[in-house]
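Input: a single structure, listed below in structure tokens.
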Amino acid sequence: MGEGSTRRSGRAPLDVVIFGAACSVLAGCAALLGWSTRETALTSIARGWPSMGPNAALGLVLAGLSLALLGRGGRPAPLRRLGLASAAAVTALGLAPLAEYILGWDLGVDRLLFPSRVDFPSEFPGRPLPNTALALALSGAALLALPARTPRACRRLVLCVLVVVALALTALSGYLLGVGHFYALPPLLPFTGMPLHAAVALLALSAGLLAARADCGAFAALTASAPGGVLLRRLLPYVVLVPIVLGRLFLIGADRGAYPIAASFSLASAVTTLFLASVLWIVAARLNLLDEARRRAEEARAFLATLAHSSDDAVIGTDLDGTILSWNPAAARLYGHSAAEVIGRKVPVLYPPELAAEVEANLERLRRGERFEHFETVGRTRDGRTIDVEVTVSTIAGEDGRMTGFSAICRDIGRRKAMEAAVERAHAAERRLRAQLETIGAASAAVSEALASPARSDMRSVLEVIALHAKGISGADYAAIGISEDDRRPFDPWVPCGVAAEEAALLRTPPRPVGVLGAVARGERPVRLDDVRAHPDFIGLPPHHAPIHAFLGVPFRFQDRTVANLYLARRPGRPPFDEDDERAVALLAERTCAAIETARLHRSEASERRRLQAVVEQMPEAALLVDAAGRLITCNRLAMKYAIHREGERDPWDNAALFDHRSPSGEPVDWPDRPMTRALCRGEVVTGVEGLLWSAAERAFVPVLVNAAPVRSDDGETQGAVAVFQDITALKEMERQRQEWTGVIAHDLRQPVQVIATASQLLRRRLGAAPAADGEKQIGRIADSVDRLRRMIDDLLDASRIEARQLTLDCRAVDLRALLEEIVERSAGATEGHAVRLEVQGDVPAVRADPGRLEQIVTNLLSNAARYGEPGRDIVVAVRAGAAGAHIAVTNRGPGIAEEMLPHLFKRFWRAPETGPRRVCGVGLGLYITRGLVEAHGGSISVESTPGATTTFHVTMPFASAPAPAPAPAPTTET
């Protein structure tokens, strides 16, 4: 409501003033331009119509300028004086022609402008019509009265403007109705009249004067915001213009012969009557609506008064001076004053005395039109108590839109203030907790950093970080943390924080977990004391210990086990620890106990690593340890003597230490076949592999026995590998000496055996053709023993040759089928009691072999089958051609060989346990020699046995068409 009033009384009048001034100036300038350019359309609008004289045009320009300068307040004095001078000139330009008409003078003012272009009769050259001159004179008078604010000036201005409007409207209606007497005086002055654009400009100038003094006299009704002013502004243009327009239309009809001229006046009168009746009807209906709106407004005002009376908020009304005029029951309840006690008193009675100046200042701001919304202040009740109130103040306007007072709504916000204070305390606690959590997070990060830093990963560094942050979180003066597993031993380590170095030096040894310290260490929950001396386990402080008062002890628990104990203390006079401190430190303990356990495990692991390193370093064998990528981790001093360092050379695993690993024959071992590679890459466990390693110290290859195995994690993942090299130089020397001794013994035994054989033959000859039965028997035994000794000596020699790689073969193409038939026939004595069956499957190509050695191989297998087979059961020799060689299988039926004994069959001096009543003679070299002979031919031998069924030895010999095999190495010596 207030904004609409302001807009109508401020912005709209100002726009009308500017519009009126602009129309006046434009009309005058257009006429002056027409005189200057001799353009008739600018001076008289249409041919035959009166022209605007130069003086009249100048008067309109000056009038518009004056209205623009005087119609708005706040203009500087020079501009106001210029406006008044322009108004005076307008008045003079209007009065001068009037004087000339009345007195019959020729003052020459008509020829001031464009004298050579004035084309009027000589009696009144360039002189405006009296009605135009009178309108200019009255407009100038009205402009001169505009700045004055007196009633007399107002009446003068109204009178002048009304006359100007009447003159202009008369001329305008003459133009519209075609009546020349209205805008000219043909009987008196047939040569001139009021121009059309001059009439329009004068009407616009009058509207501007009206807007400039809207509060003046009769014009106040037109510009008022009341319903009457609204109706007047809306209906006045129609009431003025519609009759004129209708009259003109009816005259046009009469001119065209549609009806007589008298009828046109009757029609115009009737239509005008109907129009005015309709206007009155509309005015009445509008007034009825306004009355209904007024009634409803009064009801709404009464309803609002009821609402204010029943409102829970205090509603107070005052006048502009701050005098209380209305007071509802809620205000009485809030302030304790009854309505009779405060109505008529000033507003400051509701405030403490110290706020009186502030209240007056606020009233002054309200009088300037400001508004207070949700303004919080302090009020005072009747009994002198202060209360927190929230005030909203708005202005009260009268029917004319003017401010008449203020309305204030007051609300008690004491409870809300208390709630806000509680919320603020909660927020402060939250901020404190958040800060503690951030500190705890920083502590956890610092502990993790300490664990990750190689220079600070020891237990003491981790405990120092925890103690320092715990002291900062809790605000303690002193902090200490220690680890102890026995109350009879001191804490180890014990890390104090906040204690001066001098005091720590005086305390000397760390304390033991006794007294209050022990109570914390034995418990599972924190111990918080306002006074440590009040605890029943307090046994005093050691000498030179700083005095303490408040105490907080927190055990660090990890997986139901105490890993450390934290102790915090404050000096006397400091506040005790609260629940927040205890909760924060307990949270720190929960976050960092795992780090302490990790540091402890690191310490244990480092100790175990040092112990293991010492063990590895002192091992009598060379040891290497690599990680999952093959990078060398550990290499003891014995292994270093095998390491070779060449500038710019590295192994496939990027290790600078190189090892020249070769086979027993001296051939380099490929990297994938090395025991360490097999253990790391294939997960194999390699044991007892002979080889050669270059020794820089001895500048020669040293025989070694290599063992390698993968290092696996708990879940079976390979994390590295370990290899051990055992120097077997001494063993090789002993083996060489043993082989040499075996060869010497076997060679030396041949002579006495040959002597015994020769002596037995001579003895047989001397006994004659028929020796005694007992003598023949003894001679036979001697011969059998000699044969057995020869076989044993031959086996020893063959075993020595195989081990020394001195076995010689005379290999050539051999018809395997024919040779096997001969061998089976010649082995009848060795297989006595068994039928030997030869089975040849298909054609078998010739094999490359030494016939004698091949016979030795087959004979050994047949004799072995006969010795261990069931008596009377057949021995089957099966032959077939394979992909690259001939396969020979010797099968017998008998008790068989247990599976766990199969790997030992081809070892030296090994024999299967006795399984029957027969005792088998021999030294256990037959199968060992057989394997050596087969491998020397480039073949292979294997065995399979089913206990209680069959035993089969499989031999593979290369075909004669295959390339000759390289000399086979000796069988690996098992140790």
Side-chain angles (χ1 to χ4, degrees), residues 448 451-455 457-459 559 594-595 597-646 649-664 668-696 702-728 731 903 972-975:
S448 300
L451 282 174
S453 175
S457 60
D458 60 301
M459 175 68 76
Q559 296 182 350
E597 179 67 11
T598 303
R600 187 188 68 80
L601 293 176
H602 282 177
R603 184 172 63 174
S604 301
E605 188 266 341
S607 178
E608 291 296 329
R609 188 188 299 112
R610 289 191 296 270
R611 186 180 298 109
L612 178 61
Q613 184 69 28
V615 171
V616 171
E617 191 66 27
Q618 299 302 321
M619 284 179 61
E621 291 88 13
L624 301 176
L625 180 64
V626 297
D627 60 13
R631 289 184 292 271
L632 192 62
I633 299 175
T634 300
C635 180
N636 66 356
R637 58 182 180 81
L638 290 180
M640 290 304 297
K641 76 176 187 177
Y642 301 115
I644 303 172
H645 293 83
R646 297 190 182 100
E649 187 175 352
R650 291 180 175 271
D651 67 7
W653 290 337
D654 199 31
N655 293 311
L658 307 175
F659 295 88
D660 191 356
H661 189 189
R662 303 200 176 190
S663 65
V669 180
D670 294 336
W671 186 262
D673 297 331
R674 294 192 179 189
M676 180 71 85
T677 307
R678 293 165 57 188
L680 181 62
C681 299
R682 299 198 287 255
E684 299 179 8
V685 177
V686 184
T687 58
V689 176
E690 289 189 23
L692 300 175
L693 282 178
W694 175 262
S695 174
V702 176
V704 293
L705 195 66
V706 184
N707 298 286
V711 178
R712 303 184 187 276
S713 61
D714 294 339
D715 55 0
E717 182 182 358
T718 301
Q719 295 182 332
V722 61
V724 176
F725 302 102
Q726 181 181 2
D727 187 350
I728 57 173
L731 292 177
T972 301
T973 302
E974 301 293 340
T975 59

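Checked against side chain to side chain donor-acceptor pair (under 3.5 Å), Thr687 has no partners two or more places apart in sequence or in another chain. Here Val686 pairs with Pro675, Arg678, Glu684, Val689, Ala708 under the side chain to side chain contact (heavy atoms under 4.5 Å, CB included) rule; sequence neighbours left out. Take Asp660 and apply the side chain to side chain donor-acceptor pair (under 3.5 Å) test, not counting sequence neighbours, and it matches Arg662. With sequence neighbours left out, Ala721 forms a side chain to side chain contact (heavy atoms under 4.5 Å, CB included) with Val626, Met676, Ala679, Leu680. Annotation: salt bridge (charged side-chain N to carboxylate O under 4.0 Å, His left out) contacts of Arg650 (sequence neighbours excluded): Asp654. Qualifying side chain to side chain contact (heavy atoms under 4.5 Å, CB included) partners for Glu717, counting only residues two or more places apart in sequence or in other chains: Ser713, Asp715. Taking Asp627 as the reference, Arg631 meet the salt bridge (charged side-chain N to carboxylate O under 4.0 Å, His left out) condition, with sequence neighbours excluded. Partners of Arg674 by side chain to side chain donor-acceptor pair (under 3.5 Å), not counting sequence neighbours: none found. In terms of the salt bridge (charged side-chain N to carboxylate O under 4.0 Å, His left out) criterion, Asp651 has no residue partners (sequence neighbours excluded). Taking the side chain to side chain contact (heavy atoms under 4.5 Å, CB included) definition, one finds that Ala628 meets it with nothing, sequence neighbours left out. In this structure, Gln719 has no side chain to side chain donor-acceptor pair (under 3.5 Å) partners at least two apart in sequence or on a different chain. For the salt bridge (charged side-chain N to carboxylate O under 4.0 Å, His left out) test, residues two or more places apart in sequence or in another chain that qualify with Glu649 are Arg646.
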Please step through side-chain contact (heavy atoms from CB on, under 4.5 Å) for the pair Val722 and Leu625, ending with a clear verdict. CA-CA 5 Å; Val722 61; Leu625 180 64; 4.0 Å; yes
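Closest heavy-atom contact between Val702 and Ser695: CG2-CB, 3.5 Å. Between Ala657 and Leu632, the shortest heavy-atom contact is CB-CD2, 4.3 Å. Minimum heavy-atom separation, Thr677 to Pro672: CG2-CA, 3.8 Å.
The CZ atom of Arg712 sits 4.0 Å away from atom OG1 of Thr718, with the distance rounded to the nearest 0.5 Å. Of the inter-residue distances, the one linking Cys681 atom SG with Trp653 atom CH2 reads 5.0 Å to the nearest 0.5 angstrom.
The shortest distance between side-chain heavy atoms of Leu624 and Phe659 falls below 4.5 Å.
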